[in-house]
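Read the structure below first, then the notes.
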Amino acid sequence: MERYNFKSVENKWQKFWDEEKTFSVKINKNKKKFYCLEMFPYPSGKIHMGHVRNYTIGDVLARYKALQGFNVLHPMGWDSFGMPAENAAKQNKLDPRKWTETNIANMKSQLKKLGLSIDWDREISTCSEDYYKHQQKFFLELLDKKLVYKKENYVNWDPIDETVLANEQVIDGKGWRSGVNVERKKLSQWFFNISKFSQDLLDGLDTLDTWPNKVKVMQKNWIGKSFGCEVDFEIEGNQEINNIKCFTTRPDTLFGFSFLALSVDHEISKIYANDPNFINFKNECSKTGTTEEALAIGEKIGFKTNLTAVNPLNPKHKVPVYFANFVLMDYGFGAVFGCPAHDQRDFDFAKKYGLEIITVVKPQDENNNFKVTKEAYSGPGIIINSDYLNGLKAPEDSVLETIRILEDKKIGKKKINFRLKDWGISRQRYWGCPIPVAYDESGNVHKVPSSMLPVKLPQNIDLNVKGNPLDSQTDWKKINIEGKNLTRETDTLDTFVCSSWYFLRFCSPQDTNYGFNKEDVDYWMPVDQYIGGVEHAILHLLYSRFFMQALSHKNDNFNLLEPFGGLFTQGMVCHETYKDSDNNWISPDEIETIDGKKYLKKDNSKIIRVGPSESMSKSKKNTIDPENIISSYGADAARLFILSDSPPEKDVQWSEEGIISSFKFIQKLWNLNLKIIEEIEKDHEKDHNSEITKFTNKFIERMTKNLDSFGYNKLIANMHEMYSFLIKQVEYKYKKTTLKENYEKILTAINPIVPHLSNECLEMISC
RNA sequence: GGGCGAAUGGCGGAACUGGUAGACGCGCACGACUCAAAAUCGUGUUUCGCAAGAAGUGAGAGUUCGAUUCUCUCUUCGCCCACCA
């Protein structure tokens, strides 16, 4: 048996695809298009197994669609702005651009070795001027549409790194890099007005039929629509304050009102700004843990003011006003009406401060003497103890009826509230897209005219300064716009902005006038299948959807609200973890197996403990380098294994045995190929046409079904069945044409999965 | 605290709209080849039982001629969100 030389075969075809530009595509209006996109990588230096899985899944789909006759767009690019480059550059005194470009070159060659059907002519990199120039134009466009604004707001501030951190960069209340507690700081920041589209973003979800339900639910919860009303409470006790507005979803429980709680950041707090007791209380609030869970289950504390609030439905009833640590300033009006009997949090607060607990809803089967004592009752029921509201069915009828009454009395009105907050896009960082505005002496914002774009980052600057390196670039900061001497904005854009429109750029990667070209986008968009990790379910996917809303807003030339027609979220790649007797993590490379037990390679007397399989991470040392895998076993074997063990949406366990078995299977397919070629040449007289033809048809039917439904693990099972069938069939005698035709069909069907092997075999039988 | 989802051999997983549970792979066992090992090939592998046979898809109920699949209750695990008024 001849050994299959995967290295030369894989090289040969990769070179062929490169030279022939096999995967370069152009608009062809006679053909149906298919836009297959995987989330582009951050160029960290090397590809990891997660990339291998993501891009293999995408490649199988792209190749399959191409075989079906679609005009397939399958591009790749680099999400190349961001903190790792800046940090690496800082530590090693390098240029972030150089660091990034070296990484891109390396990762690109690694991706090519996987045999991906990428149109490399469309490669883009978000840190290139060609790319961010257009992003700056979009920024100014949105500024004109009033979808971008600047305002003072609380942000996560890392006191060591002196920068704002995104929410996702704050882990357990600490900066992910510095490890110190993040502070809340009020800063003037740029925002995208994403909340303007709350309802549209919610409605759009219903049109995304093939998105995983899980992701749609997550986005829905994130947008967080709630129906209720705003209520004006009359305030007594201070000349300057007449009323306070609250948002509530349960106005029908107003007769159960027993306190009003304000956020410590509420306007009214100004009155107490010099009160030492209040300052004390404020400090106390900031002490109670910073993690979200700690906040949620933490103790509720309050500060009693000398104010009283009047119950609008029962003006004789007056209740105290508190500041409380559980009231958020940026939801509703930063003020809550407290109804202890029917809200657990209000109940806890009332118990602690000895406030009234008035029961106003009873469960259906209780009598009118029902009383809340041990815990709040938040279920449905009938309104009681509420004068003219008594007897209404809660919450359905009672809420609507109460709103009607409040509106009549002009002390409240129906309101829909969203949880979604505007997107803070300012970052005090060097390695990002500069925000194309400047300020005059009075701080007024001036747009950088489009003739002066892009606003380029200064080169070769000192990054080892406190805070944003751009702040100390005094020369760069000076700009003259239409004769006026101005100072540039030094904040750069959040890198999520870059990834919010890159899929448009792939349609027209070379267009110099604008971020994309209408004809290209009209043909290619939307992305038919988007594939990536579920960790982006909210942020990136929501931001991209918003960006399309924003570009389409007041625009006759562009109307595309949903960028991703189909979405598939793949699972993670996991591996067993290993520890030695001293509890140190041990890498799989340092281990050998003897009689089913694991020992340290360099010292066989040391037994290794095998831990649970967990997602690959550097800290647990359970990573496998794809480059080593490809050079030892080949790309086809790697592709085969990453698809074989688990359905793509679930986590997959990487194992040595698994990759070896895939490698052997490739060899078996090769041996099968040689046998079949031998048989074809014999061109037997007798023929068993029907049996092999029947099998081939069934095989193709199964493969098609599994390709269409992302049952990619089952494709591999089908291939094993095919092997077992054919290896027995070569014993039978077939006519040349029968065997050849059927075998060709089978090779074509497995081409998306093992493209190198399949192409090589197809070439061999055709000559 | 809220939401979403999952549970099938030693392991990863199959089973199309309710119709032979365990496809395919890993692992394991035995056999062939070999002086031997590796590789390769073959056979077997849910559990109990020598067998005939019986039980069996987290637990319990229900619908049905028939349930891994549908309904309800519970248990465990995973993921996401979290003081949202």
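Chain identifiers are assigned alphabetically (A, B, ...) following the order of the sequence lines, protein sequences preceding nucleic acid strands; residue numbering begins at 1 within each chain.
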| query | More than 12 non-hydrogen atoms from neighbouring residues, nucleotides or ligands closer than 6.0 Å to NZ on A:Lys352, yes or no? | reply | yes
| request: Starting at atom CZ of A:Arg345, determine the distance to atom P of B:rG1, rounded to an integer number of angstrom. | output: 15 Å
| Taking only residues two or more places apart in sequence, or in another chain, which ones meet A:Lys414 in a side chain to side chain contact (heavy atoms under 4.5 Å, CB included)? | A:Phe227, A:Ile403, A:Glu407
| said: Rounded to whole Å, how long is the line connecting atom CD of A:Gln344 with atom P of B:rC83? | reply: 16 Å
| said: List the residues meeting ring pair (Phe, Tyr, Trp, His ring centres under 6.0 Å) with A:Tyr712, not counting sequence neighbours, and say none if there are none. | reply: A:Phe710
| Nearest to side-chain heavy atoms of A:Phe247, which nucleotide of B:rC26, B:rA85, B:rC81 | B:rA85
| said: I'd like to know if A:Glu678 and A:Lys675 make a salt bridge, using a cut-off of under 4.0 Å between side-chain N and carboxylate O. | reply: no
| Phosphate contact (B:rC80 OP1 or OP2) by A:Lys214 side-chain N/O below 4.0 Å | no
| message | Angle between ring planes, A:Phe496 versus A:Tyr543, binned at 30° and 60°: parallel, tilted or perpendicular? | response | perpendicular
| query | To the nearest angstrom, how far is A:Leu643 atom CG from B:rG25 atom P? | reply | 16 Å
| Is it true that atom NZ of A:Lys579 has more than 12 heavy atoms of other residues, nucleotides or ligands lying nearer than 6.0 Å? | yes
Below 3.5 Å between N/O atoms, which protein atoms pair up with nucleotides 73-77 of chain B? Just atom names and distances, please.
none

| request: Counting heavy atoms from C-beta on, name the nucleotide in B:rA85, B:rG25, B:rC81 closest to the side chain of A:Ile538. | output: B:rC81
| field | B:rG19 and B:rA67, which share atom name P, separated by this distance in whole Å | value | 11 Å
| Is A:Lys151 close enough and on-axis enough to A:Phe191, meaning under 6.0 Å and within 45°, for cation-pi? | yes
Scan nucleotides 12-18 of chain B against the protein and return all N/O pairs shorter than 3.5 Å with their distances rounded to 0.1 Å.
from   : atom 1 : to       : atom 2 : distance (Å)
B:rG12 : O2'    : A:Asp645 : O      : 2.9
B:rG12 : O2'    : A:Ser646 : OG     : 3.1
B:rG13 : O3'    : A:Asn713 : ND2    : 3.4
B:rA14 : OP1    : A:Asn713 : ND2    : 3.4
B:rA15 : OP1    : A:Lys714 : NZ     : 2.8

| field | Polar side chain donor-acceptor pair, A:Tyr331 to A:Ser263, under 3.5 angstrom | value | no
| Taking atom P of B:rA82 as reference, at what distance in whole Å does atom CG of A:Asn221 sit? | 10 Å
| Atom CD of A:Glu657 and atom C1' of B:rC24: how far apart are they, to the nearest Å? | 17 Å
| field | Spacing of A:Lys220 atom NZ relative to B:rG2 atom P, expressed in whole Å | value | 18 Å
| task | Please work out if A:Lys668 contacts a base, only the sugar-phosphate, or nothing of the nucleic acid, heavy-atom cut-off 4.0 Å. | result | sugar-phosphate
| note | Base-pair string, RNA chain B, Watson-Crick plus G-U, cut-off 3.5 Å on both distances, | for inter-strand, is (((((((..(((......[....)))((((((.......))))))(((....)))..(((((..]....))))))))))))....
| Would you say the side chains of A:Asp422 and A:Ser195 form a donor-acceptor pair under 3.5 Å? | yes
| field | Pair A:Asn673-A:Tyr4, side-chain donor/acceptor within less than 3.5 Å | value | no
| Residue pairs passing the side-chain hydrogen bond (donor to acceptor under 3.5 Å, both in side chains) test where at least one lies in residues 641-654 of chain A, sequence neighbours excluded | A:Ser613-A:Gln653
| message | Assuming nearest nucleotide by heavy-atom distance, tell me which of A:Gly658 and A:Phe418 is located more 5' along RNA chain B. | response | A:Gly658
| field | Separation between the P atoms of B:rG3 and B:rC74, rounded to whole Å | value | 13 Å
| request: Could you check A:Asp330 against A:Ser724 and say which one's nearest nucleotide on RNA chain B is further toward the 5' end? | output: A:Ser724
| Atom-pair distance (CD1 on A:Ile727; P on B:rU40), nearest Å | 14 Å
| message | Using the side-chain heavy atoms of A:Thr248, tell me which of these nucleotides is nearest: B:rC80, B:rA85, B:rC81. | response | B:rA85
| A:Asn325 has an atom CG; how far is it from atom C1' of B:rA82, in whole Å? | 15 Å
| query | Closest approach of A:Arg545 and A:Trp211, non-hydrogen atoms and distance? | reply | CD-CH2, 3.8 Å
